[in-house]
Amino acid sequence: MANGTADVRKLFIFTTTQNYFGLMSELWDQPLLCNCLEINNFLDDGNQMLLRVQRSDAGISFSNTIEFGDTKDKVLVFFKLRPEVITDENLHDNILVSSMLESPISSLYQAVRQVFAPMLLKDQEWSRNFDPKLQNLLSELEAGLGIVLRRSDTNLTKLKFKEDDTRGILTPSDEFQFWIEQAHRGNKQISKERANYFKELFETIAREFYNLDSLSLLEVVDLVETTQDVVDDVWRQTEHDHYPESRMLHLLDIIGGSFGRFVQKKLGTLNLWKDPYHLVKENLKAGISICEQWVIVCNHLTGQVWQRYVPHPWKNEKYFPETLDKLGKRLEEVLAVRTIHEKLLYFLPASEEKIICLARVFEPFTGLNPVQYNPYTEPLWKAAVSQYEKIIAPAEQKIAGKLKSYISEIQDSPQQLLQAFLKYKELVKRPTISKELILERETLLARLVDSIKDFRSDFETRCRGIPGDASGPLSGKNLSEVVNNIVWVRQLELKVDDTIKIAEALLSDLSGFRCFHRNAEDLLDQLKLYEQEQFDDWSRDIQSGLSDSRSGLCIEASSRIMELDSNDGSLKVHYSDRLVILLREVRQLSALGFVIPAKIQQVANIAQKFCKQAIILKQVAHFYNSIDQQMIQSQRPMMLQSALAFEQIIKNSKTGSGGKSQITWDNPKELEGYIQKLQNAAERLATENRKLRKWHTTFCEKVVVLMNIDLLRQQQRWKDGLQELRTGLATVEAQCPLAWQSKWEGPEDPLQYLRGLVARALAIQNWVDKAEKQALLSETLDLSELFHPDTFLNALRQETARAVGRSVDSLKFVASWKGRLPEAKLQIKISGLLLEGCSFDGNQLSENQLDSPSVSSVLPCFMGWIPQDACGPYSPDECISLPVYTSAERDRVVTNIDVPCGGNQDQWIQCGAALFLKTQ
């Protein structure tokens with residue numbers, strides 16, 4: 001073939017090269033290129049398989065070989081499938097064309113990832129005929145190339161790790177994978193730990209981004225918020241070297257790109273012009289929210305929060321994801337078009353014109369995918385919107401009057417008026433309708449002016465008050481005063497800002513708008529000034545407190561963690577509640593966008609470091625200080641050993657060899673061990689207390705049940721209940737001290753007491769039977785059979801007083817072993833008395849002999865109440881008044897009686913003579 005442009009083969013190479021490099025035709029030296037030896041060799045020599053085209057500052061050059069250094073510039077490669085001479089017939093069957101950008105690794109990786117792997121692994125036809133081993137090798141090749149690309153500066157002649165190089169990071173998942181690889185393959189231990197730290201932070205969102213396409217729009221709305229928290233934590237971390245700013249900038253960009261592509265893909269499955277309005281509206285709003293929220297996140301973090309973060313400030317200009325922002329605005333326009341159409345249908349009459357409108361209104365958008373935003377589609381979109389507006393113009397004229405009538409009916413109600421304008425906001429924005437509603441919009445502006453006045457009045461009334469008071473800021477839960485005030489004023493700011501936005505959208509052409517806008521902006525500035533003053537006052541107070549050791553804001557890492565107060569014995573942790581509040585305030589104020597002064601931040605960081613341990617210690621201290629209130633008084637001796645063991649751990653809070661040094665906050669290992677010991681001891685004490693309290697309650701319930709049993713008719717139930725009580729007592733017998741058992745009214749042995757209880761219950765029944773027969777006072781009685789014998793004697797006193805017609809105070813109690821009492825109107829014969837300390841034969845007391853029992857029975861006697869002025873059976877000179885006790889323990893006196901003693905009264909006092917009732 002002759003050389004020149006008539007050569008179809010060379011024309012193919014020239015045209016492809018010209019298009020790829022974007023060359024002007026006049027820049028080509030056609031005669032020189034037509035006679036190029038390398039081109040001729042590639043076309044005419046079957047053994048020459050490759051032609052490399054490269055553009056550099058010197059121009060276009062051709063070569064039949066490729067060197068590694070070629071990759072610094074863009075390279076275009078023609079190569080043959082078969083070793084043949086190129087002809088017109090095989091030109092398009094034997095030549096493959098490939099480009100190479102950045103590096104051969106990058107080009108190969110992208111070719112495998114974007115072209116060959118999806119085709120050979122995912123396509124059913126190809127994957128079915130592709131050997132599984134080769135499929136695995138292809139997957140491993142893709143993964144391996146990705147690792148090399150993420151770890152390499154591919155412009156260098158040898159592979160070298162460079163963290164700022166992010167050309168291999170195309171998606172958020174690539175970034176997450178990068179830190180996973182670094183955590184396993186880092187050169188230094190400190191680098192591995194840093195990479196592992198970032199890896200763990202990113203794990204919160206890694207799974208969601210990996211499966212992004214499977215999520216719903218609403219789930220990704222939540223993911224935006226979670227992603228904000230994660231990237232903020234990554235940027236703010238101070239445990240390791242800072243996250244590179246260029247890398248973070250790239251991460252924010254590719255995250256925004258992922259969100260944008262996700263929104264486009266999800267909305268691309270809908271027919272935005274024909275699908276039901278409610279479905280389109282819901283999905284469009286979610287897509288708009290994703291775009292808007294990520295734009296806000298980037299602006300907030302890089303424009304405010306990070307620029308003020310002293311440990312790691314953002315140095316570049318704030319990052320603005322422009323493409324995502326414009327995609328969001330495009331979606332807003334689509335939603336506005338559908339909403340306007342929906343509102344028009346609501347007001348249009350059901351006529352043929354309405355049907356025609358339905359059929360034609362979306363014709364301008366035919367063939368145009370509205371979610372595919374880019375600079376090339378923007379002119380097409382604007383032209384379609386313009387044509388759409390022309391179509392709906394006649395309908396707008398018709399509904400303007402109807403909308404005017406509707407609004408005029410409710411304009412006396414400010415809230416309904418505002419809601420109506422918001423509901424039909426898209427229609428009101430239309431020039432034709434806006435002009436028709438001029439008076440109604442003036443009315444709305446007046447209402448908004450009144451709203452601004454109300455906001456100002458409410459602010460000025462409450463701004464100096466105490467949160468929660470009628471004249472103070474509204475209060476929230478778990479907020480300190482400064483945070484509460486700032487949150488309250490932020491809410492006012494949002495209300496004012498929303499009012500301004502409504503006015504700007506619907507009323508900006510009105511004459512009173514400028515005055516309204518100026519007043520609203522002035523109020524907004526006043527609110528922001530109050531907000532800043534609150535923060536500044538808080539900062540000054542805290543920094544002042546840092547220099548005062550009594551403020552509770554000072555904590556030293558080398559100080560003791562806790563000690564017992566020498567005054568009241570309470571356990572105090574050297575970590576004040578004010579520090580806990582400070583941590584919460586710092587965290588909340590930072591979240592609100594304030595820059596915390598360095599000194600306060602430093603104290604907060606130290607306090608945060610020990611906060612977890614301090615909270616546990618405060619719980620232990622509260623338990624120690626309040627355990628006595630949780631114990632039942634009678635059970636305290638039973639828990640003495642456990643309580644002493646717990647107190648011993650508190651007092652011996654020392655570490656080191658020989659236990660000479662105190663445990664301090666800056667000894668984390670010893671502190672953790674000490675806290676564990678405290679928790680174990682506290683848990684043992686609490687468990688024991690709960691166990692004893694439970695048994696105490698159980699015993700009380702069982703005794704109450706026993707008291708309600710009829711012993712004569714329900715003897716088996718009594719026996720069963722008694723057996724249950726015995727079983728329970730046996731479980732705590734080893735812990736039950738004598739002092740606790742002595743709380744029983746009677747013997748120390750509970751079972752003996754219960755036997756007495758049964759005996760008394762049976763005896764009482766016998767007493768009742770005798771009383772009913774009027775035979776009680778004629779029988780010999782045993783006072784030990786009564787639960788409260790003193791009550792019985794007092795009842796006898798009252799009956800005697802009524803019988804003789806005298807007051808109870810005018811009577812005295814006497815006893816006689818000589819026979820009945822002639823002076824007593826009513827009297828009883830008593831048996832069952834015991835005497836300790838001496839003997840009594842019925843006539844007078846006598847000393848015990850060596851073989852005499854320590855306790856002896858006393859003969860029955862008559863007892864009764866006689867007048868004070870009456871003579872008793874014995875002369876006062878020959879008697880001694882002895883107490884009568886309920887038991888040998890002498891802990892409860894029933895009464896006192898005169899016993900003949902022969903005259904020497906001191907002798908019987910010294911020998912401890914006393915009477916008591918026999919044990920049942």
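In this chain, residues are counted from 1 in sequence order.
Using a distance-only test at 3.5 Å, with no hydrogens or angles considered, no donor-acceptor pair links the side chain of R9 to the main chain of L91. The backbone N or O of K192 sits nowhere less than 3.5 Å from a side-chain atom of N196 that would complete a donor-acceptor pair. With hydrogens and angles disregarded, a donor-acceptor distance shorter than 3.5 Å links the side chain of N19 to the backbone of T15. W294 places a side-chain N or O within 3.5 Å of a backbone atom of L252 that can act as its donor or acceptor partner. Judged purely by atom type and a 3.5 angstrom limit, Q372 has no side-chain atom pairing as donor or acceptor with the backbone of T377. Listed for the E175 side chain is no donor-acceptor partner under 3.5 Å among the backbone atoms of L251. Formation of a donor-acceptor pair under 3.5 Å by the R55 side chain with backbone atoms of F21 is found in this model. Distance alone, capped at 3.5 Å, is enough to place a donor-acceptor pair between the R194 side chain and the D241 backbone. A donor-acceptor pair is defined here as one N or O able to donate and one able to accept, closer than 3.5 Å; such a pair exists between the side chain of D174 and the backbone of T171. D325 contributes no side-chain N or O that, together with a main-chain N or O of P321, makes up a donor-acceptor pair within less than 3.5 Å.
Residues K318 and N299 have side chains that bring a donor and an acceptor to within less than 3.5 angstrom of each other. Remark: the Q237 side chain and the D233 side chain contain no N/O donor-acceptor pair separated by less than 3.5 Å.
Cation-pi geometry between K74 and Y20 is met: under 6.0 angstrom from the ring centre, within 45 degrees of the axis.
The existence of a salt bridge linking E333 and K329 is excluded, since no basic side-chain nitrogen approaches an acidic carboxylate oxygen closer than 4.0 Å.
Test K266, K265, Q264 against F262 for side-chain contact (heavy atoms from CB on, under 4.5 Å) and you get one pass: K266.
Counting heavy atoms from C-beta outward, V487 and Q491 have side chains that approach closer than 4.5 Å. Two residues are said to be in side-chain contact when any heavy atoms from C-beta on lie closer than 4.5 Å; F78 and F12 meet this criterion. Counting only heavy atoms from C-beta outward, the side chains of F176 and I205 approach each other to under 4.5 Å. Residues E531 and R490 form a side-chain contact, since some pair of their non-hydrogen atoms from C-beta on lies under 4.5 Å apart. Looking at Q182 and S191, their side chains never come closer than 4.5 Å, going by heavy atoms from C-beta outward. Side-chain contact between F535 and I596 is present, with at least one heavy-atom pair separated by less than 4.5 Å. Side-chain atoms of W381 and V334, non-hydrogen and from C-beta on, do get closer than 4.5 Å to each other. With contacts defined as side-chain heavy-atom distances shorter than 4.5 Å, the pair V53/T16 does not qualify.
For the pair L272 and R338, the tightest heavy-atom approach, listed with the atom from each and the gap, is O-NH1, 2.7 Å. Nearest heavy atom pair, residue L368 against residue W273, reads O-NE1, 4.4 Å. In plain terms, the two heavy atoms of F62 and I60 that are nearest each other are CE1-CG2, 3.7 Å. Counting all heavy atoms, side chain and backbone alike, K285 lies closest to L335 at CG-CD2, 4.0 Å. Residues E219 and L215 come closest through the heavy atom pair OE1-CA, 3.3 Å. Here the closest non-hydrogen pair linking V221 and A286 is CG2-O, 3.8 Å.
Distance check: L279 CG to L284 CG gives 9.5 Å after rounding to the nearest 0.5 Å. Atoms NZ and CD1, on K80 and I95 in that order, are 7.5 Å from each other to the nearest 0.5 Å. Atom CG in N94 sits 4.5 Å away from atom CD1 in I86 (nearest 0.5 Å). The CG atom of L217 lies 11.5 Å from the CG atom of D222; values are rounded to the nearest 0.5 Å. To the nearest 0.5 Å, atom OG of residue S289 and atom CD of residue E225 are 10.0 Å apart. Once rounded to the nearest 0.5 Å, the distance linking CE of M248 with CG of N316 reads 13.0 Å.
No more than 12 heavy atoms of other residues, nucleotides or ligands lie within 6.0 Å of OH in Y210, so this atom counts as exposed by the packing criterion. The environment of CD in E504 is crowded: more than 12 heavy-atom neighbours from other residues, nucleotides or ligands sit within 6.0 Å. By the neighbour-count criterion of 12 heavy atoms within 6.0 Å, atom CG of L494 is densely surrounded, having more than that number from other residues, nucleotides or ligands.
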Could you check L331 against V371 for side-chain contact (heavy atoms from CB on, under 4.5 Å), going step by step and ending with a plain yes or no? CA-CA 7 Å; L331 299 180; V371 299; 3.9 Å; yes
Given the rule in the ring pair (Phe, Tyr, Trp, His ring centres under 6.0 Å) test, do Y243 and W179 qualify, once you have shown the distances and angles that lead to the verdict? CA-CA 11 Å; Y243 197 87; W179 293 109; 5.7 Å; yes
I'd like to know whether K326 forms a side-chain contact (heavy atoms from CB on, under 4.5 Å) with E378, so could you lay out the CA-CA distance, the side-chain angles of the two residues, the decisive distance to 0.1 Å, and finally the verdict. CA-CA 10 Å; K326 290 184 176 179; E378 187 65 10; over 6 Å; no
Please assess L50 against T65 for the test side-chain contact (heavy atoms from CB on, under 4.5 Å), listing each intermediate value before the final yes or no. CA-CA 7 Å; L50 181 143; T65 61; 5.7 Å; no
May I have the step-by-step check of side-chain contact (heavy atoms from CB on, under 4.5 Å) for E38 and L51, ending in yes or no? CA-CA 7 Å; E38 290 81 2; L51 175 67; 4.2 Å; yes
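If you look at W235 and Y309, their ring centroids are not closer than 6.0 Å.
For the salt bridge (Lys or Arg N to Asp or Glu O under 4.0 Å) test, residues two or more places apart in sequence or in another chain that qualify with E84 are R82.
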